[in-house]
Amino acid sequence: MSARTKLDPTAALFSVDPGLRTPYVQQWNFGLQRRLPHNTVIEARYVGNKGTKLLRAFDFNQVLLRENGFLDDFLRARSNGQLALERFGRFEPEFNGAVVGSQPLTFFPQLEFGGALDSSTVQELIRTGQPGSLAELYIRNGYTEGRAVSFRRNQNALVGDLVTNYSSSSYHALQLEARRRAARGIIWQANYSLSKVLTDSSGTQVRFDPFLDNAQPRLERARATFDLRHVFNANLVWDLPLGSGKLRDGWTVGSIWNWQSGAPLSVISERGTINRPSRSTQNTASTSLTKPQLGDVLRFRMSDDGPYYVAASAINPRDGTGVASDFLEPFTGQVFTHPGAGEVGTLQRRMFDGPSAFGFDFSLMKRTALSETHTLTFGARVENVLNHPTFFAGDQFLDDEQFGRITSTLTSPRRVELFVRWAF
């Protein structure tokens, strides 16, 4: 590269570790099996695996907040704005000697236009405690060009991503199964698994998966997006013993049952309190409640207004969000808050289970031999016999005006299929 060549300061640089290795998974299992009377077998198994050298991306050009003194000055500006709001009814982050407690700023004056503290966009990011988002705004608009202050280690790019072998995963499961082979016209099988998948990657091995904060990699360790704690399945096929004769022979019923825990979900702040917005999508909310206490707040409930996953007491009655507006007193029953400037949420990612899923399908058919080479089969299949919906909650975002409300389902309504088949 020529010494005169200058990269776009908002460019994204991507690279792959030259020593990148292929990720691999180690698996192991142990089981006990016992045969019982009536062609029945029971089995218990422990199954585990470990993913090693999984792919993960680092952004080595994460925005700087502390080392350059920006965060300290940001907190001073936010305090100034709060004091001005209380005194004049206006959020003004600049130093004002007429306001008791207002503090002179040291970092902002070194930026182009003094950081444009009179801009409504800048003021909103300061008011909501998002120094990471504000730092990116200044970078993209060239507020640090030719200045003695900076938000990046590499001034020639916005992003400096490296994909390498960093992450790992673990899976542990107890699996129980009972099955009966054909005997007296009955075949059935039932199984249950209790499992947990932990990983510090997204769980889907996408090639780009940056950290919320490079200095706190342990924040990434959580349940995988596809983790299901409890799963139960059962099926039955029964040749009905109705006696002999063309009208009684050949009747068979079948059924499938399944029940499983809901998909894991998070309560998300999503604010750029410690990094820029695209890195903050998994920044969680904060709370002082314990996990058992949160269990009473976050669970499925049906109300006169439809299904909800969050207790009505934890939803802001003013706007339907999960948090009071900045600088206002918490509403009665408020459980969650946004993390402060320079902080991350206290909740672990994917800490909660969404609504569980239940399915029940049934079939009835009659098979009649018309001749040695011709067979007539007719019957009915019913999917979702109970017409029971499986609700999907998904991640809960604090500032969403539909916070806690369930608006989608994963299953189809009851479906009945009648069929006739002639085999020859």
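We use all heavy atoms of the structure for the numbers below, so side chains are in, but hydrogens, waters and symmetry mates are not.
Within 6.0 Å of the CZ atom in Arg414, the count of heavy atoms belonging to other residues, nucleotides or ligands exceeds 12. For Glu67, the CD atom counts as densely surrounded, since its 6.0 Å shell holds more than 12 non-hydrogen atoms of other residues, nucleotides or ligands. Few gaps surround CH2 on Trp259; more than 12 heavy atoms of other groups in view lie less than 6.0 Å from it.
The existence of a salt bridge linking Arg415 and Asp361 is excluded, since no basic side-chain nitrogen approaches an acidic carboxylate oxygen closer than 4.0 Å. The pair Asp239-Arg367 does not count as a salt bridge, with every side-chain nitrogen at least 4.0 angstrom from each carboxylate oxygen. Between Asp59 and Arg276 there is a salt bridge, with a side-chain nitrogen of the basic residue lying less than 4.0 Å from a carboxylate oxygen of the acidic one. Ionic pairing of Arg147 and Glu145 is not present here: no N-O contact between side-chain nitrogen and carboxylate oxygen is shorter than 4.0 angstrom. In this structure, Arg223 pairs ionically with Asp353, as a charged nitrogen and a carboxylate oxygen lie closer than 4.0 Å.
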Tell me which donor-acceptor pairs under 3.5 Å the side chains of residues 20-34 have, and how far apart each pair is, sequence neighbours excluded?
unit_1 : atom_1 : unit_2 : atom_2 : d
Trp28  : NE1    : Tyr46  : OH     : 3.0
Gln33  : NE2    : Glu43  : OE1    : 3.3

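Ser269 is linked by a side chain to side chain donor-acceptor pair (under 3.5 Å) to His338, counting only residues two or more places apart in sequence or in another chain. In this view, Thr290 and Gln293 satisfy the side chain to side chain donor-acceptor pair (under 3.5 Å) rule, not counting sequence neighbours.
The line from CH2 of Trp422 to OG1 of Thr368 is 14.0 Å long, rounded to the nearest 0.5 Å. Taking OG1 of Thr252 as the start and CE of Met365 as the end, the distance is 4.5 Å to the nearest 0.5 Å. With rounding to the nearest 0.5 Å, the separation of CZ in Phe327 from CG in Leu85 is 7.0 Å. We find the CD-CZ distance between Gln82 and Phe91 to be 8.0 Å, quoted to the nearest 0.5 Å.
Using cut-offs of 30° and 60° for the angle between ring planes, the Phe424 and His374 rings count as parallel. Using bins of under 30°, 30° to 60° and over 60° for the plane-to-plane angle, the ring pair Phe70/Phe151 lands in the perpendicular bin.
The side-chain tip of Arg299 does not point at the ring of Tyr308 from less than 6.0 angstrom away and within 45° of straight on.
A centroid separation of 6.0 Å or more is found between the aromatic rings of Phe378 and Phe419.
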